[in-house]
Amino acid sequence: MTTEPWVTAVDVAQHLGVAKDSVYRWRERKGLPAHRVGRLWKFQLSEVDDWVRAGGADEDKMTDSTRNQP
């Protein structure tokens with residue numbers, strides 16, 4: 001059984017072709033799947049890909065926590 005490696009926000013940003021800040025913003029505001037390991041956030045690219053395919057990165061989609069922000 002091969003386990004998927006945990007990657008950093010920089011790796012996710014490169015994988016998706018976006019800025020690292022976007023990755024952290026999506027984690028905080030849009031529910032991008034991430035796991036805290038100590039002080040670090042780690043990601044699995046398969047979870048990130050599933051999230052993107054489900055529309056998680058859509059600009060029109062807002063979570064309840066961001067709906068009322070200016």
Side-chain angles (χ1 to χ4, degrees):
M1 178 174 136
T2 304
T3 60
E4 182 178 354
W6 294 96
V7 299
T8 66
V10 171
D11 297 323
V12 173
Q14 288 177 331
H15 178 71
L16 296 176
V18 300
K20 178 179 74 169
D21 291 342
S22 295
V23 173
Y24 284 119
R25 188 172 45 255
W26 289 343
R27 181 201 55 80
E28 184 178 315
R29 298 181 184 172
K30 294 189 169 208
L32 176 67
H35 305 271
R36 192 163 183 144
V37 179
R39 296 181 326 134
L40 304 174
W41 286 100
K42 296 293 186 171
F43 305 82
Q44 289 193 318
L45 294 179
S46 63
E47 291 179 351
V48 171
D49 288 342
D50 290 344
W51 178 82
V52 170
R53 285 187 189 100
D58 288 350
E59 289 298 320
D60 295 335
K61 225 178 179 178
M62 298 182 79
T63 63
D64 289 339
S65 64
T66 61
R67 198 173 313 269
N68 297 323
Q69 290 184 0

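For the single chain, residues carry numbers from 1 onward in sequence order.
- When atom types are taken as modelled, the side chain of Arg27 and the backbone of Arg29 share no donor-acceptor pair closer than 3.5 angstrom.
- Contact between Ala9 and Lys20 at its shortest, heavy atoms only, is CB-CG, 4.1 Å.
- A perpendicular orientation is assigned to the rings of Trp6 and His35, their planes being inclined by more than 60° (bins at 30° and 60°).
- Evaluation of the ring-ring contact (aromatic ring centres under 6.0 Å, His included) rule for Trp41 yields no partner, not counting sequence neighbours.
- Note on Tyr24 and Leu45: same hydrophobic cluster, where clusters join Ile, Leu, Val, Met, Phe, Trp and Tyr whose side-chain heavy atoms are under 4.5 Å apart, directly or indirectly.
- Linking Ile, Leu, Val, Met, Phe, Trp and Tyr whenever their side-chain heavy atoms come within less than 4.5 Å leaves Leu40 and Phe43 in two separate clusters.
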key: Leu32 and Val23: CA distance, side-chain angles, deciding distance, side-chain contact (heavy atoms from CB on, under 4.5 Å) verdict   = CA-CA 8 Å; Leu32 176 67; Val23 173; 3.8 Å; yes
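- The NZ atom of Lys30 lies 9.0 Å from the CZ atom of Arg25; values are rounded to the nearest 0.5 Å.
- A salt bridge (charged side-chain N to carboxylate O under 4.0 Å, His left out) check over residues 40-50, counting only residues at least two apart or in different chains, returns the pairs Asp50-Arg53.
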